[in-house]
A.B. asks: 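This is the structure I want to talk about, given as structure tokens.
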Amino acid sequence: MSRAPAPPAPAARAAEPRTFPFSAVVGSDDMALALVLTTVSPEVGGVLVRGEKGTAKTTTVRALARVLPPLAVVEGCRFSCDPADPDPGCPDGPHLADAPSGRPHATTRPARLVELPVGATEDRVIGSLDLQQALGAGRVRYEPGLLAAAHRGLLYVDEVNLLHDHLVDLLLDAAATGRSTVEREGVSVAHASRMVLVGTMNPEEGELRPQLLDRFGLTAEVAAPRDPALRAEVVRRRMAFDRDPAAFTARYADAEQALSARLRTARALLEEVELRDDQLLLIAEICAAFEVDGLRADLVTARAAVAHAAWHGRIRVTKADIRAAARLALPHRRRRNPFDAPGLDEELLDQLLGEDEPEPEPEPEPPQPGPDDEGGEPPDAPGASPEGPGAGDPPPAGPEADRRPPSQDQRSEAPEPGPTGEEDAPTAAVVPTTLASAGTAYRTRLFTATGIGAGEAGRRSRAVTRTGRSVGAASRPEPGGRLHLPATIRAAAPQQHARGRAGAEVLRLRREDLRTATIEGRESNLVLLVVDASGSMAARRRMEAVKTAALSLLLDAYQRRDKVGLITFRGAAATLALPPTSSVEVAARRLDEVPNGGRTPLAEGLLLAAETLRQERIRDPRRRPLLVLVTDGRATSGPDAVARSRRAAGLLRDAGVASVVIDCETGFGLGLARTLSVHLGAEHVPVGEVAADQLLSVVQRHTPEKRASALRPAQDAA
């Protein structure tokens with residue numbers, strides 16, 4: 001079977017002179033070690049790098065491509081088949097063997113680092129029908145995607161936590177089966193797709209789906225160094241690179257070559273490394289002690305320990321290798337729910353490992369990477385080798401270390417409101433405040449909006465999105481939309497005679513014939529909690545229930561791709577305690593820090609809610625909001641507090657914001673919250689439903705689709 005020469009791989013990163021050298025990276029030892037181990041042994045399963053912005057995550061990953069050993073591939077194969085073991089189902093096959101060698105004709109090319117953009121379309125990832133061949137020549141030909149280009153290489157996803165769900169599903173399928181299957185638009189193709197998945201993310205921008213998180217073999221936490229000398233060295237090297245990239249790269253050429261040679265040596269040594277049964281049992285005991293889910297942690301730890309031994313030129317695994325592997329393979333697998341911060345108790349790890357083994361007999365040292373004498377770092381400068389810290393060195397403090405303040409059991413009673421609705425002025429100069437702790441989050445029921453919206457892709461309400469199932473065709477093609485081939489052909493068929501088509505001539509198409517598919521999927525929503533944190537709320541201890549409800553809503557939002565925000569108001573101002581987000585770790589810390597006490601600036605809380613929703617509407621215009629106001633309706637801060645609060649409520653009503661008012665007034669009240677709900681155009685919920693479980697029921701009942709019926713009683717009362 002004749003084959004045309006393979007086209008250049010899309011988004012592939014070859015060695016380029018402006019790439020920062022891997023051996024020149026400073027202060028990211030754990031990340032460099034994780035990348036090295038998964039390069040030595042791709043079966044480890046890839047690396048997830050978590051860290052704050054500006055910590056050279058992307059720079060380090062791209063620099064890795066320069067030191068990867070070259071790859072032997074079948075000549076002309078677009079899917080990078082291995083000449084020693086070609087894929088029997090390769091779409092470019094069968095690969096016929098040459099007579100002398102008994103193998104297909106091979107060629108060598110640099111290893112690829114293929115970048116998957118967050119906004120990539122599905123057909124660009126898995127490939128699709130070659131429209132030029134299909135519509136022009138009348139032939140069905142498959143055009144490979146990024147998964148084909150990344151086969152036997154690295155697939156890099158920057159900001160992997162922002163990747164759309166439908167792309168995550170494609171990655172999960174390829175990672176689980178080692179193959180990519182395409183069944184669409186008349187194309188039925190399957191090809192090998194075994195790649196090392198490397199992802200970077202900033203945890204403040206949201207978390208990763210547990211299914212994809214578990215597919216990363218190793219994880220590394222990175223943070224900007226706190227040592228001024230180390231920070232200065234980082235800046236010095238970066239400025240030298242920007243000033244003269246070619247000269248800077250040349251200074252590290254020897255170190256790069258030594259590192260590449262060491263990687264090749266470690267790969268060759270991998271099969272000879274011995275992992276004893278007692279060491280395998282020790283790995284199983286460690287994984288069981290940390291209560292990780294499944295058995296993938298045991299397998300990854302064992303493979304990483306073997307790779308670590310090979311990287312250090314040893315043929316026997318030691319406890320130091322197991323410790324280094326466990327530190328990278330277990331932290332992200334011991335999280336029981338999204339509110340748990342990743343991490344590992346290293347004291348427990350050391351106890352499980354027991355006493356250190358005696359030093360093994362010296363073995364030949366592999367080539368050591370590092371800068372040369374001319375451009376190298378001074379002897380007293382921090383190490384820049386990607387080898388990582390020694391087995392006995394303490395790990396660097398990650399940005400996700402648990403800094404949550406301890407819970408405070410004492411809760412001082414704030415001044416009770418007087419019979420007129422005004423709170424008594426505090427006698428002390430400082431307003432009493434308390435901190436209420438949230439309870440255990442729980443699963444909430446699904447609530448959806450009726451009809452079909454047009455919001456961002458999620459897992460809650462029906463909507464017209466770019467992901468899901470095809471339910472029709474649009475006559476006006478949308479940019480980036482999926483071509484609806486049958487509808488396009490049906491539109492062009494009646495015009496063929498008028499366009500002069502005759503006999504077996506190919507179909508004559510024009511732009512007006514093109515149709516794009518109408519895709520129905522699920523959208524996500526924004527739930528904004530506006531909570532009264534004044535003294536009256538603290539006295540009745542409502543904040544514990546409210547915080548628990550907020551955490552539960554956030555957990556549900558994390559699972560369904562919603563956003564949740566939190567506004568509190570007390571004293572003389574309102575605070576955006578939690579900007580709209582899906583990052584559960586940040587949310588948990590912020591909620592723990594919300595204080596109670598003081599007067600009630602209700603108008604300020606509503607105005608801040610209006611401004612927050614206005615800004616979110618600019619950032620995310622298609623996401624529908626739901627405002628949940630938890631208050632007793634009192635307004636006691638500032639002049640004309642009640643009138644200002646009602647005017648602020650009118651602004652939200654005029655903006656069309658769906659709202660619910662949770663009335664926290666007990667006993668014989670003044671009906672202030674009910675009156676406020678009329679001005680807000682919201683449903684009024686009595687105080688008996690303020691408890692956390694009841695509050696979630698209220699939120700789930702009063703979704704946008706039920707707002708019209710819910711508003712009628714309030715409008716009649718007005």
Side-chain angles (χ1 to χ4, degrees), residues 417 420-423 525-534 536-537 542 546 549-550 564-578 580 598-617 624-665 669-687 689-690 695 698-699 701-704 706-718:
T420 62
E422 297 287 337
E423 297 176 358
N525 301 107
L526 167 62
V527 178
L528 182 62
L529 293 173
V530 182
V531 180
D532 185 347
S534 63
S536 60
M537 297 291 290
R542 303 292 181 191
V546 171
V564 171
L566 174 66
I567 292 176
T568 62
F569 54 94
R570 58 179 292 272
T575 302
L576 183 59
L578 175 65
R599 291 182 173 271
T600 312
L602 178 57
E604 285 72 13
L606 294 175
L607 290 174
L608 181 56
E611 177 62 19
T612 301
L613 294 178
R614 185 190 69 81
Q615 295 179 4
E616 280 299 306
R617 193 176 297 113
R624 291 181 285 179
L626 173 64
L627 176 68
V628 181
L629 176 62
V630 184
T631 182
D632 55 9
R634 302 175 189 271
T636 62
S637 178
D640 298 326
V642 174
R644 288 191 299 109
S645 66
R646 293 177 178 177
R647 288 196 295 270
L651 292 176
L652 287 165
R653 179 196 60 209
D654 295 341
V657 177
S659 307
V660 178
V661 174
I662 308 297
D663 189 353
C664 298
E665 200 171 29
L670 304 176
L672 298 176
R674 180 179 292 276
T675 303
L676 179 64
S677 68
V678 174
H679 290 274
L680 191 59
E683 171 70 2
H684 172 262
V685 180
V687 66
E689 300 185 36
V690 172
L695 177 58
V698 169
V699 172
R701 285 205 314 268
H702 296 84
T703 49
K706 299 184 179 180
R707 180 175 53 146
S709 60
L711 292 180
R712 292 192 189 102
Q715 292 171 346
D716 294 340

A.B. asks: Mind checking whether D532 and V630 have side chains closer than 4.5 Å, heavy atoms only?
C.D. replies: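 No, every pair of side-chain atoms sits at 4.5 Å or beyond.
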A.B. asks: Which atom names give the shortest non-hydrogen contact between T568 and A533, and what distance separates them?
C.D. replies: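 Shortest heavy-atom contact: CB-CB, 4.3 Å.
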A.B. asks: CG/L613 to CD1/I567 distance, rounded to the nearest 0.5 angstrom?
C.D. replies: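 L613 atom CG to I567 atom CD1 measures 7.0 Å (nearest 0.5 Å).
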A.B. asks: Hey, does the side chain of R644 reach the backbone of P639 with a donor-acceptor pair shorter than 3.5 angstrom?
C.D. replies: yes
A.B. asks: Indicate the atoms forming the closest heavy-atom contact of L526 with P580, along with that distance.
C.D. replies: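 L526 and P580 have their closest heavy atoms at CD1-CB, 3.8 Å.
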A.B. asks: Does any non-hydrogen side-chain atom of L629 lie less than 4.5 Å from one of S659?
C.D. replies: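 They are not in side-chain contact.
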A.B. asks: How many angstroms lie between atom OG of S534 and atom CG of L602, to the nearest 0.5 angstrom?
C.D. replies: 9.5 Å
A.B. asks: For a quick test of reading the model, state the closest non-hydrogen atom pair linking L626 to V660 and the distance between them.
C.D. replies: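 Scanning both residues, the minimum pair turns out to be CD1-CG2, 4.4 Å.
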A.B. asks: If you take all heavy atoms of A572 and E604, which pair is closest and at what distance?
C.D. replies: O-CG, 4.2 Å
A.B. asks: Do the non-hydrogen side-chain atoms of V530 and T631 ever get within less than 4.5 Å of each other?
C.D. replies: no
A.B. asks: Between R646 and H679, which heavy-atom pair has the shortest distance, and what is it?
C.D. replies: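 Heavy atoms only, the tightest pair is CD-NE2, 3.6 Å.
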A.B. asks: Is there a donor-acceptor pair closer than 3.5 Å between any side-chain N or O of T600 and the backbone N or O of T636?
C.D. replies: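 No, the answer is negative, given that no donor and acceptor are paired below the 3.5 Å cut-off.
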A.B. asks: Return the minimal non-hydrogen interatomic distance between S677 and H684, and the atom names on each side.
C.D. replies: OG-CB, 3.5 Å
A.B. asks: Between V657 and R617, is any pair of side-chain heavy atoms under 4.5 Å apart?
C.D. replies: yes
A.B. asks: Hey, what do you get for CZ (R647) to CG (L606), rounding to the nearest 0.5 Å?
C.D. replies: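 Spacing of CZ (R647) from CG (L606) equals 12.0 Å.
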